[in-house]
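Structure record follows, encoded as structure tokens.
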Amino acid sequence: PRTPCHVLSPAPYITRVATTFPVETGTPLRIVGGNFYEIQRVYFTTAVDDITNAPVSVEVTDYTVNKNFDEISFQCSRRPD
């Protein structure tokens with residue numbers, strides 16, 4: 001018998017964040033990198049080292065991952081605190 005299993009994707013990585021400045025509400029942003037296969041959450045934080053329990057400064061709730069899984073696009077919903 002066949003047993004269903006879930007194969008884990010490789011870890012995502014970020015090479016850059018692309019946008020135009022100044023960043024205002026509605027400004028398009030792109031997170032460029034790779035392995036964006038199973039993204040469940042996108043957020044920005046003020047944490048520097050360990051982000052395991054980091055405070056969330058801005059959470060992105062409306063984003064799109066492209067078909068090559070190497071770019072996440074969204075619009076700035078508000079300026080960071």
Side-chain angles (χ1 to χ4, degrees):
R2 298 172 75 175
T3 304
C5 66
H6 179 81
V7 177
L8 297 177
S9 302
Y13 62 90
I14 297 171
T15 56
R16 66 189 173 104
V17 176
T19 190
T20 56
F21 292 94
V23 176
E24 301 291 343
T25 300
T27 300
L29 288 101
R30 295 180 301 127
I31 299 174
V32 181
N35 300 334
F36 297 141
Y37 296 110
E38 299 182 56
I39 301 300
Q40 297 176 354
R41 188 173 181 205
V42 175
Y43 66 93
F44 292 88
T45 180
T46 56
V48 177
D49 296 317
D50 182 10
I51 64 168
T52 304
N53 295 312
V56 174
S57 292
V58 177
E59 183 158 10
V60 178
T61 57
D62 187 20
Y63 59 88
T64 303
V65 178
N66 72 353
K67 67 179 181 175
N68 293 326
F69 301 100
D70 61 3
E71 188 173 289
I72 300 171
S73 301
F74 58 94
Q75 291 186 339
C76 181
S77 58
R78 67 180 180 87
R79 293 187 64 145
D81 296 331

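Atoms considered below: every heavy atom in the structure, side chains included; atoms not considered: hydrogens, waters and symmetry mates. Just so it is clear, the structure is predicted and the values come from calculations on it, not from any experiment.
Heavy-atom contacts from other residues, nucleotides or ligands closer than 6.0 Å to CG of Asn68 number more than 12.
Legend: residues meeting side chain to side chain donor-acceptor pair (under 3.5 Å) with Asp70, ordered by chain and number and at least two apart, are Asn66.
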Would you mind writing out the side-chain donor-acceptor pairs for residues 7-22 within the sub-3.5 Å range, not counting sequence neighbours?
| unit_1 | atom_1 | unit_2 | atom_2 | d |
| --- | --- | --- | --- | --- |
| Ser9 | OG | Glu38 | OE2 | 2.7 |
| Thr15 | OG1 | Val32 | O | 3.0 |
| Thr19 | OG1 | Pro28 | O | 2.9 |

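Legend: ring pair (Phe, Tyr, Trp, His ring centres under 6.0 Å) pairs involving residues 31-72, not counting sequence neighbours, sorted by first then second residue: Tyr37-Phe69.
Contact record, Ser73 with Arg30: OG-CG, 3.8 Å, taken as the closest heavy-atom pair. A pairwise comparison of heavy atoms in Glu24 and Cys76 identifies O-CB, 3.4 Å as the closest pair.
Note that CZ of Phe74 is 10.5 Å distant from OG1 of Thr61, once rounded to the nearest 0.5 Å.
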